[in-house]
Every structure is written in C-alpha cells, then in structure tokens.
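Here the structure is laid out as structure tokens; the discussion comes afterwards.
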Amino acid sequence: MECTEKAKLNTAGAVDTTPRHRNPLILEIKGNSLDDGPGIRSVVFFKGCPLSCRWCHNPESKSTGPGISHDAAECIDCGACVKACPERAISKKNRYFIDRDKCTLCYSCVATCPSGALSQVGNAMTVDDIIEVVSKDIPFYNTSGGGVTLSGGEPTMHMEFTAQLARSLKELNVHLLIETCGLFVYEKYMDLLAPFIDMIYFDIKLFDPVEHKKHCGADNTIILENFGRLHKDYQTGGTYILPRTPLIPGITDTRDNLTAIADYLSSLGVTKAALLEYNPLWGVKCEKIGEENPLGPEAQGRKWMDRDHVEQCRSIFRERGIEV
Amino acid sequence: MNVIVKKKKSSMDLLMRSLLNMVSFIFNHIPSKRKYLKTAEGWADLAVGIRTENYTVECGIVFRDGSVSVTDTIPDGRDVTLVINNDTAVKKLLSATPTDQIFMLLKSELRVDGNMTSMLQFFFLLSLLLSKKQIKQMNKERVTETKDILKNSPKERKDLAAEVNSRKQKLMKAERIDPGVQFLDDPYLPEYTLDDFPRLRKFLDIHLTRKPEVCPELPSLLTQWHRDHGFETNEEGKPWVPALRKAGAFRYLMENRKPIITDDYIIAGSTTSKEIGCVVYPDGSGTFLWNELLTIPHRTYNPFDISEETRNLLHYEVFPYWKHRNFREWVRDKYDNPLSQQMDERYALYFNWKQATISHTIPDFPKILSQGADGIIAEIRDELSRGDCDEEKRNTLEAMVLCLEGLILYSRNLARQAALDAEKESDPDRKKELLKLADICGQVVGGPARTLDEAVNALWITWIGIHMESMNAGMSLGRLDQWFQPYFESDMKKISGPDEKKAYIKHAVELIGHFYMKCTDHFPLTPDLANFYFGGSSSDQAITLGGVTPEGNDAVCDMTYIFLKVTEMLSIRDPNVNARYMPGINSDTYLKRLCEVNLITAATPSMHNDSAIIKALAPMGYAMEDIRNWSATGCVEPTLSGKHLGHTNMQMMNMVAALEMAMNNGRHPLTGLDIGPRTGLPEEGDFRTFDEFFSAFTEQFKFLIDSSIDYNHKLGEAHQYIRPTPLLSSLIGGCITKGRDVTQGGAVYNSSGTAIIGLADVTDSLMAIKTLVYDEKKITFTDLKQAINTDFNNDPALYAMVTRKVPLFGSGNDGAVGLANRIASWAHDYYGSLPHYRGGKYTTGFWSMSNHVAFGTLTGALPSGRRAGKPFTPGLTPQPSASKNLLDNIRDVARLDPVNMNNNIAFNVKVVPGAGDPQEKIVEDMFSYAKTYFDLGGMQMQMNVVTSDILRDAMAHPESYRNLLVRISGYNAYFVTLNRDMQRELIERAEYDI
C-alpha cells in the first residue's frame with residue numbers, strides 16, 4: 001500500500017493519497033499531552049504518511065495498513081502465543097519473533113498474550129469512537145486552553161475523514177491543532193479541513209529538494225508551496241501556523257540546511273519557529289514492528305543531542321529575527 | 001483461637017532461663033543496677049512470663065519487694081506474658097535492639113499478652129544490662145545502611161538540590177485582586193523573600209538542625225500534683241470527680257511551668273522548657289517510651305536527646321505512677337484484656353488513636369480572642385448561677401473555670417517574665433519588643449485581643465494551654481486567616497501613610513512567620529513503633545485557609561495571602577497548611593497562588609473542594625453555616641470549627657486485612673489470628689459468584705469494624721475517667737450550656753472519623769477476581785489463591801495477566817469506579833449505622849497518614865498483583881500501573897461519591913516539571929489539573945512536585961535536602977526523616993511529567 005501511494009505521488013506530482021475505501025487506522029490517542037500545542041491536549045495519531053523519513057520517530061505510523069508489534073522487553077516467554085498462532089508464524093528463533101510473511105494478522109496471539117507484549121498496531125475507529133475518547137477530557141481543555149491535536153502519521157492523508165472528525169469536534173467547541181508534514185493538496189485542505197482548524201504545526205525538514213527526496217522519499221516543492229500559502233493566509237488574518245524543524249544529527253541539523261530554512265522563513269516574514277530536539281529512542285521501535293533498527297550500535301543517532309549544539313542551531317534562527 | 005499442643009521444652013528454654021538467672025543475679029546483687037528496682041511507688045513489682053507458642057520455652061521472672069527470682073513456668077499473677085513464635089524467634093529476641101523488638105512485635109514473631117507497660121518496663125530493665133551492646137549495634141546498622149545507599153548513588157547531584165531551591169527565586173505576580181483583599185497591592189507579595197526576615201531564617205536553621213529533647217516539665221508537675229492530691233480518690237479519700245481532678249492538676253501545671261520568652265521572638269510562651277522539646281503525656285502514650293529511655297538518642301529515625309535527670313525522673317517517679325493510669329491499661333484492667341484490644345495490639349488490623357489521645361478538633365478561637373478568658377469565665381458563672389445545674393454540670397463548669405484561670409495565670413507569668421527580660425536586655429530595639437510583649441500578655445489572654453499582635457499571642461497562649469491538656473497530635477488551628485483578618489484590618493485602618501502601611505504588612509508577615517516557627521517548638525514524642533507507623537510525622541497542626549464564609553461568600557482575604565507567603569518562605573512541615581477552594585466563588589488568582597506555593601515548597605498546601613465537602617457533610621444534619629465553616633484537622637479531615645468534637649483520626653483501619661481474611665475463611669495470615677466469621681474458602685469452591693465473595697469480604701470487614709468500635713468505646717470511657725478536657729470543652733460550642741465535657745458529648749456536634757486504608761488495593765484486587773475468575777473465567781480462584789500464597793512466584797503468566805489485563809481504579813474504567821463506590825458506600829453505611837458513645841455518627845475517610853506503608857509491610861500478596869510486604873497506595877490514590885495518563889486518575893477519583901467520604905480523602909499526585917520549563921507554565925499546568933479536578937467534583941488533592949531522581953539523591957545525601965518537604969498521605973514530612981520503606985514508597989509513586 002505504501003509503495004503504491006508513493007508511486008502515485010511521484011508520478012502525478014499531485015498528492016491526493018486519501019484511501020477512500022475505509023476509515024483510516026488510529027495508532028493511539030494520547031491524553032494529557034502538554035507538548036503538542038497550547039494547554040492540556042489529546043493527540044490523535046493517524047496511521048499512514050506520504051513521506052518516509054529515515055528517522056521517523058513513529059516508524060509504525062508510516063504505512064496505512066494494520067500491523068502487529070512485539071515488545072521483547074515486556075515478553076515473559078510463556079509461549080502462549082506460539083500455541084495460539086494458526087499459521088505457526090511465531091518462534092523465538094525468528095529474527096523479530098513473528099514471521100511477518102506468514103502472519104495473516106488474525107491477532108489470535110494478541111488475545112492470548114498475558115503480558116501485553118504482543119499488540120495490534122492500528123485500530124479502525126469511527127469518528128464517534130474518537131469523539132467518545134477525547135470528549136472525556138473537554139473539561140481539562142477548557143480550563144487549560146487546550147484541545148485536540150491531529151497528528152500521525154499524516155492526518156491530511158485522510159482528508160474527508162479528518163474533516164468529519166474536525167467538524168464534530170468543533171461542534172463541541174474543542175480547539176483543534178493539526179501537525180502536518182505539509183504534503184497535501186492545498187485546495188482540498190482549504191476546502192475540507194481548514195474551516196475547523198485553529199492552529200497548524202507545519203514541518204519543514206530539509207530545504208534542499210534533492211536532500212529532501214533522498215531522506216524523506218519525496219520532493220519538497222509542494223510542501224514549501226503549501227507553507228508559503230498558509231503563512232500568507234495567516235498574515236492576512238487566517239489560521240496561525242508554526243513552522244517546525246526536527247533536528248536530526250547529520251541530516252537536518254547542518255548549518256547549511258538550517259540557514260537555508262531560516263533564510264526562507266525570514267524572507268516570508270516568519271517571526272517564530274520551533275526546533276524539535278532529536279530523541280534517539282525511536283530506533284528500538286522499529287524492531288517491535290519487525291524492521292531493522294537502522295541505527296547501528298555506534299551510530300551518532302543513538303545519542304541525545306549536545307546542549308551547545310542545540311544552542312548553535314537556535315542561534316541560526318535567532319540571528320534572523322526568528323524566535324525559537 | 002487455635003488449639004495449641006504443648007511440646008517438650010527445648011534447649012532454648014535452658015538458654016532463656018540461664019539468661020533470666022543472670023538478670024536476676026545482677027539485680028539482686030549489684031547495687032548500681034538494683035537501685036533501678038526502687039521507684040517512688042515502692043519496689044518495682046513485676047511478673048513476666050516468657051514462652052513460645054507451643055511451650056518449647058516456658059519460664060518467667062518475678063520482681064517483688066526488691067528481690068528477683070526465676071520461675072520454671074509462667075508465674076502466677078503475671079503482669080504480662082511474652083509469647084514468642086518459635087525457638088528461632090527466641091534466639092533473635094535475645095540479641096535484639098529495642099527497634100528490633102518492636103519489629104518482631106509488628107511482624108508477629110512476638111506477641112504480648114497482658115500489660116504492655118509492664119513489658120516495656122521489663123525491657124528497660126533489660127536494656128540497663130544490654131544498652132551498651134544495643135547502642136553499638138544500632139550505630140553499626142545505621143552505618144551499614146548508609147553505606148549501602150551511598151553505593152547506589154555515590155555522586156551528589158548538586159543540580160537537583162539547586163533546582164528545588166531555585167524555585168523560590170522566581171516569584172509570580174497576581175493577575176487580579178480578590179474582592180476580600182483590601183490592603184495588599186499584590187496579594188502574592190513577590191517583593192519579599194526569606195532574606196528580608198533574618199530572624200525567621202535563624203529560627204528555621206535552629207528548627208532544622210537542633211536535635212529535639214525530651215522535656216520533663218509536664219510529666220513532672222502532673223505527677224507531683226497527683227501524688228499530693230490523689231488520682232482515684234482525693235486527700236479525703238473520696239472518689240475524685242474526674243473533670244475537677246483534671247482541672248486542679250491543669251491549673252497547677254499552668255501556674256508552675258516556666259514562663260519562657262524565647263530569644264528574638266515576638267510571641268511569648270513555649271510548649272516545653274526546651275528549645276525544641278518533646279512533650280511526654282504519661283496518661284496517654286508516654287509510658288511507651290520506657291524501654292527506649294537509654295537508647296532513644298541513638299536510634300536511626302527521629303532520635304531525641306534525653307538528660308540523665310529526665311531519664312531518672314521518668315523511670316523512678318513518673319512511669320511507675322502511670323503504669324495503670326493510662327488509657328490502654330485502664331481498659332485492659334477494667335475489661336480484662338478484651339479481644340478488641342488484643343487485636344489492636346497486633347498492629348496489622350487496625351490502630352485506634354484513643355490509646356494516645358483524642359485531640360483532633362478545632363477550638364473556638366474567635367471566642368477567646370474576642371471575649372478573653374475572663375469573658376468566658378463570666379459566661380460560665382452566669383450559667384452556674386441558673387438554678388437548673390445538676391451535679392455533673394456544676395462540676396464540669398467549675399472545672400472549666402479552674403482551667404481558664406490556669407491559662408490566665410500562665411499569661412500573667414509571661415507578662416512578668418517579659419518585663420524581667422526587658423530589664424536585662426541591652427539592645428534597645430529588643431527591649432522595646434519585650435516591653436510590648438509584657439503589655440500584650442498583661443492584656444491577653446484574660447482580656448480580649450485588640451490588635452493583631454495581641455490576637456496572635458492570645459491564640460498561642462491558648463494553644464499552649466490546650467497542649468498541656470491534650471496530646472500534641474492532630475489538634476488543629478482552624479481558619480486562622482478568617483479569624484485574624486478583623487484584627488489586621490483594624491490595625492491597618494489606624495495607619496495612614498503608604499510607607500507605614502507597607503511596613504505594617506511586612507510586620508504582619510513576620511508575626512505570622514514567628515507563629516509558624518513557634519508551632520515547631522514541640523515534637524510529638526514518638527516511640528520507635530511510631531516511626532514505623534507514622535514516620536516523620538509532626539504534631540500535624542492543621543491551618544485552614546480560604547474557601548467560603550459561613551454565609552457562603554468568598555472568604556479569601558489579605559491574611560489568606562499573608563499565610564501563603566509565610567508557607568512559601570518557610571517550607572516547613574508543621575503547621576500543616578490546607579487550602580479550601582470553592583469553584584465558582586474563589587478566584588483563579590487564588591488557586592494559581594496555591595499552585596505556585598505548592599510548586600515552591602514541593603508539597604504544601606493540600607487543596608480541598610468546598611463544594612464536595614459540603615455535599616459530603618450535608619446528610620449529617622449539620623447546619624449549613626456550620627458546614628461552610630469547616631476546617632481541616634490533623635491531616636485533611638473536616639471539623640465544624642469550634643462546635644464539633646469529631647475525633648477525626650479515631651482509627652487507621654486496614655481494609656485489606658478484611659480481604660485477606662475473606663480469602664482465608666476468617667483467618668488473618670500474618671498474625672495467624674483465626675477469629676473472623678467462617679465465610680468460606682475459594683479453593684473449596686465456596687464462592688459461586690463474585691457477589692458471594694464480595695459478601696464474604698464485607699462480613700470480615702464488619703467483624704473488624706465491630707471489634708475496633710468496641711475498643712473505641714472502651715477507650716472513650718477511659719478518656720472520660722482519665723483525661724476529661726475542661727479547657728478544650730470551654731472552647732467548644734455546646735459544652736457550657738449542656739454542662740458536659742467534650743469527652744461526655746458536650747459539643748454541639750459529635751462524631752468519630754476513620755481512616756480506611758487500601759481502597760485502591762481492595763478495588764483492584766476485587767476487579768482482578770471479578771474480571772478474571774468470574775466474568776472472563778480465564779483463571780480459577782484456586783489458581784489465584786495458590787499464586788498469592790507463593791507471592792506469584794509460581795506462575796509468571798498468571799502474574800502478567802493479573803497485572804496487565806485487569807482494568808484498575810484510575811484507568812478510566814466504569815466498572816472499577818463503580819466497585820470503588822460500592823466498597824466506599826458499604827463502609828460508609830455500615831460505620832454510619834453504628835451507635836456512638838458520645839452520640840453522633842462514625843464517619844468514613846479514605847486517607848492513610850503513612851499507614852499504607854506500615855500495613856502494606858504486614859500484608860501478603862494480593863489478587864491485584866501487589867507483592868507481599870509492598871506498600872499499599874497512599875490514601876485512595878490509584879496504582880501507578882492503572883494508567884499512564886494522569887487525567888484518567890483525576891477523572892476516576894473525581895467520580896467517587898463524596899457522600900461516602902465524609903471524613904475526606906487523600907489523593908496524591910506526583911508531578912514533575914520539565915527541565916527548563918518556565919515556572920509560570922508549570923504553575924499553569926498544575927492549576928489546570930486542580931481546577932478541572934475540582935470542577936468535576938473531586939474532593940481533595942495534594943501534589944508532590946519532585947522527581948524520583950531528587951528523592952534518590954536526597955536519600956543518599958540528606959544533608960543537602962534537610963527541608964525537602966513531601967506529602968505522605970495527608971501530612972507533610974521532611975523526606976530525610978522518613979524511614980527507608982517510606983522513602984522508597986515515595987520514589988516508586990507514579991510520576992507525571994508536566
């Protein structure tokens with residue numbers, strides 16, 4: 001599924017990647033988030049993303065399809081799943097415990113696992129299901145000035161569904177923020193989703209299109225275009241937009257890249273941006289879903305960032321009048 | 001009870017008897033030891049039996065008329081028998097330190113059958129022979145333990161201590177001014193820090209570094225008076241009227257105690273004769289110290305100094321006199337060691353506080369401030385002059401007059417002392433202060449207070465008096481912001497210039513600061529047992545701020561913020577500051593300030609929702625204006641200020657013991673007590689449905705409740721005889737008109753409040769049984785029971801299932817909240833249905849002081865997957881594993897019905913600020929949690945704002961964290977004074993990043 005979507009993206013240049021046939025899968029709804037927008041928020045993580053960034057901190061969110069995860073640290077080695085699996089896909093001898101070629105995702109093993117080490121990745125939820133979960137926290141949103149953050153994955157990949165959800169939340173007066181990679185059809189976004197969104201966190205990862213394609217699997221022309229248009233919209237009284245750049249060691253945190261982004265933002269009159277510090281813990285997440293941990297044991301990516309280095313990155317923006 | 005098969009005597013018997021022979025030889029022949037047998041009451045008269053449960057050891061030692069002999073059997077007419085589990089435990093006991101002895105008692109390796117005080121006396125005599133060795137061993141244990149902890153975190157994290165300290169430097173400004181604030185330009189008072197009050201800094205330093213000392217004054221004067229005037233009968237041989245006897249002794253004590261104006265204080269008087277003293281109440285739990293008289297300065301937790309003179313006084317003069325004249329032994333003697341008392345003394349089922357004191361109430365301070373003691377005496381005389389006084393009324397009222405006179409005599413002595421000190425004083429500023437104090441004490445406490453200085457001094461003098469009558473445990477101060485505000489206002493109105501006004505506000509802050517520090521001049525005298533049970537607890541003098549007035553209006557005023565400023569600057573554990581918040585009436589500005597102070601102090605104030613408390617108390621039939629005038633008492637419990645004897649900490653009830661008994665057909669596993677009703681065994685298939693098991697649980701719980709209430713009533717009777725409290729009665733509404741002491745039900749409102757421990761643990765355990773055994777049938781009850789018996793070591797898969805697949809209380813699950821409400825409602829209804837010896841009702845609270853740790857230690861593995869010996873959750877706080885999302889916890893706790901929790905709750909939340917987050921953001925987040933929780937109907941909340949890393953560092957490097965404050969469950973303590981188990985429990989609590 002992921003490949004065909006990417007193919008569509010690459011050939012057509014247009015980016016309508018919405019799978020129309022069914023509801024998107026939801027990875028998780030995380031309550032009490034204090035770092036994904038103002039106040040106390042619930043974050044809805046959609047599954048599936050048009051980009052495929054090498055460092056993606058939620059590797060399980062890249063594909064739109066369902067999956068299965070095995071957390072070796074939680075496993076108590078009781079063997080119940082081995083017996084439960086009708087496809088004999090589970091064995092300690094398998095590199096990632098489950099042989100995903102044999103697995104049909106029947107989830108018999110998940111049902112028997114006593115420890116919760118095995119879990120289903122991605123749940124089909126209806127708009128009402130999601131509303132039921134997040135509406136419990138409306139009193140907290142109200143006192144704190146918080147709300148719901150749509151994140152992922154990429155929430156705009158499922159524009160109709162997301163729009164429906166956003167409309168229903170708006171009817172409950174919930175503040176809505178979207179975290180996006182920026183790769184979507186602008187008109188469709190403006191038409192369907194924008195009327196309900198109160199705030200946009202917009203990722204600009206790499207400025208150079210070639211580098212972007214190399215590391216993120218797609219060209220960034222549309223992303224930058226979208227940003228420019230949305231920012232203009234903001235300047236003329238539209239929705240607030242905050243550009244964000246994840247600092248990935250050796251990839252996005254280079255002086256060249258950050259200078260290029262900062263120059264670009266400054267040329268548009270942006271005065272505030274966010275730099276997201278690298279978190280090295282994502283590597284192990286890959287193994288849980290049966291993918292190789294791309295970080296070798298000695299890789300730079302295993303380490304947290306150096307304080308001074310983060311400060312240097314920030315100063316590139318500050319020098320251009322952008323608060324970070 | 002179990003049937004015991006007597007076994008043949010073992011070699012341990014021989015060993016024990018040789019040891020006793022040696023003891024008897026020493027006391028018979030060595031004068032330096034023998035002298036300890038001769039007390040002011042004559043020769044120590046003591047017969048102690050010693051045996052194992054199955055009689056492999058059986059012998060005794062008898063001290064009579066100055067000679068000591070050893071017996072082969074339990075001596076006739078023995079005072080007490082030590083029953084030791086088995087030979088191994090005998091061996092252990094022979095080399096035990098006093099702390100070890102207590103632990104053996106707690107862990108049921110040893111039980112006491114008979115007079116507990118006699119046992120402690122016997123242990124003291126033994127420690128005369130063993131103390132050098134014991135002290136050496138105690139020191140060695142301490143050193144080893146410290147080394148072990150240092151090994152884990154050898155490097156001190158200066159940055160962590162610095163982070164906590166730096167919170168004081170970044171003070172917020174108030175956004176708005178509350179309607180009741182008339183004189184403060186910025187109610188947060190951000191212009192002041194402790195640096196502006198050098199005297200307070202000095203007092204604080206003394207408080208944190210000075211080792212408290214046992215004060216002999218009260219027991220000495222009290223014993224002296226009773227020796228002269230009698231206890232059971234007076235000089236003429238007639239039976240004493242208890243209230244008049246107590247009043248005579250009290251008046252003598254107040255008149256003859258030393259009037260002290262402590263250096264640099266602007267408040268006169270002290271609770272003890274020491275700089276920081278521990279008061280010994282010999283009629284309460286004082287004699288519990290007997291066995292520790294030699295070792296108390298050397299113990300690890302809360303060591304106290306004791307002079308040779310005090311030790312001798314207590315051993316020779318005081319304790320022998322009170323050996324039978326204390327609550328516990330009075331009940332034992334009168335009711336022949338009743339089962340309900342024996343159960344209490346196993347320490348694993350319930351602990352009834354009346355064995356030490358009642359205290360736990362709020363006197364009517366506004367009355368004595370506005371009328372003076374003279375005014376109250378006049379009121380009493382007026383009542384006496386009516387023709388309708390029965391004898392009890394006349395005696396009760398006369399006793400009150402004697403006590404109030406005692407209070408006045410003490411304040412006159414203070415006035416005289418202040419004048420004398422002023423004469424000798426060379427510093428002119430201080431001289432002026434002393435002369436002012438002499439004037440103040442000349443006016444109050446006899447006359448009414450006219451200024452804030454007089455009001456604070458009058459309140460302090462009264463407070464001292466109350467503590468000379470009742471133990472310093474949980475007696476509480478009430479709504480001091482409300483009661484001082486009129487004096488502050490009237491003083492401020494007399495001042496015209498802005499600079500003068502500013503200076504006076506600063507003076508008010510300093511005055512309240514002095515008052516806080518005065519409240520720390522005494523410690524409760526904790527025996528080592530209490531270090532285990534109530535570790536690090538202060539006297540828990542609760543102050544209550546804010547909320548609504550009796551009429552229902554916003555009560556937040558200038559003094560509210562002055563108290564909060566002092567709380568913020570001093571960060572001390574006592575007074576225990578509680579803040580009321582009424583949604584819709586109290587401002588966001590006020591609630592934010594509470595959160596800011598909580599952040600800066602890391603642990604205080606505790607916050608309460610007025611609307612939930614009102615809902616909880618409304619069905620009690622109290623008048624609404626009195627309910628709205630409630631104050632927190634001791635920890636968190638509501639008392640209707642000045643009109644209510646609610647003995648709100650009447651007991652700590654281990655509800656989990658009932659669950660254990662329900663799984664064992666009425667037998668309690670740790671103690672081996674097989675006394676509960678026969679409700680069946682899971683492995684016999686006796687419970688066909690979950691409801692059948694639930695009934696077994698409530699049957700056992702009922703049995704424990706009935707026993708504990710039986711003991712409470714007997715202790716209540718002991719209080720009526722041994723310690724009526726006429727002074728307190730004169731300050732509690734209803735007593736004067738009724739002519740009855742508070743211990744006799746004189747107050748307008750009467751009740752006794754419980755602290756039920758383990759609501760989350762019991763709910764989760766029952767959820768596990770219901771979900772896995774009955775609803776989903778994934779496991780059998782027999783399997784579960786077997787796993788519990790092996791502490792889950794036999795079946796890791798079952799353990800995983802129990803801990804991961806059961807929706808817990810605090811996870812947002814309706815079933816779990818429903819079950820918690822069902823349990824709480826059952827407890828409330830049952831306690832509420834029981835008759836009460838003073839009239840009124842039993843109320844139910846779900847907080848735990850620190851007993852969730854103590855009772856946890858004494859409890860086996862639970863169906864919830866909690867391992868044997870681990871602490872329960874504090875108060876009714878959900879398990880850390882219930883949810884990763886704090887909001888689930890908050891929502892679930894808020895969904896508990898307040899009606900069932902009319903003695904309040906303790907909901908602990910440990911929040912952790914992100915590194916580098918601006919302080920205002922942290923306060924905003926805390927505010928959002930608290931406000932939403934209260935909007936949702938939550939009753940009480942207390943936040944600890946520390947990380948586990950900080951606590952671990954403090955455990956290893958206590959010197960950098962002397963006043964690191966933590967909330968246990970209802971009270972504050974300095975983390976570094978807690979026992980290790982409690983420290984670990986705090987570290988392991990769930991923490992939520994903010």
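Quick note on labels: first sequence line is chain A, next is B, and so on, each numbered from 1. From a predicted model like this one, the values you see are computed outputs, not experimental measurements.
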| Residue from C113(A), P114(A), C78(A) passing side chain to side chain contact (heavy atoms under 4.5 Å, CB included) with M801(B) | P114(A)

| Nearest heavy-atom pair of D137(A) and R891(B): which atoms, and what distance? | OD1-NH2, 2.7 Å

| field | chain B interface, residue from A80(A), S33(A), S115(A) that has the most non-hydrogen pairs under 4.5 Å | value | S115(A)

| task | Under 4.5 Å, counting heavy-atom pairs only, tell me which of A117(A), G116(A), S144(A) racks up the most with chain B. | result | S144(A)

Is it the side chain or the backbone of [X] that comes within 4.5 Å of chain A heavy atoms, both, or neither?
| X | result |
| --- | --- |
| D993(B) | backbone |
| K884(B) | neither |
| L886(B) | both |
| L798(B) | neither |

Should the heavy atoms of other residues, nucleotides or ligands under 6.0 Å from [atom1] of [X] be counted, would the total exceed 12?
| X | atom1 | answer |
| --- | --- | --- |
| R867(B) | CZ | yes |
| E988(B) | CD | yes |
| K170(B) | NZ | yes |
| E132(A) | CD | no |
| K870(B) | NZ | no |
| K770(B) | NZ | no |

| K136(A) portion near chain B, given a 4.5 angstrom heavy-atom threshold | both

| remark: Under 4.5 Å to a heavy atom of chain B? For I76(A) that would be side chain

| said: For the CG atom of L34(A) and the CD atom of E924(B), what is their distance to the nearest 0.5 Å? | reply: 12.0 Å

| request: Find out whether F140(A) and D935(B) are in side-chain contact, i.e. whether some heavy atom of one side chain is under 4.5 Å from a heavy atom of the other. | output: no

| said: For a quick check under 3.5 Å, do T932(B) and T143(A) share a side-chain donor-acceptor pair by atom type? | reply: yes

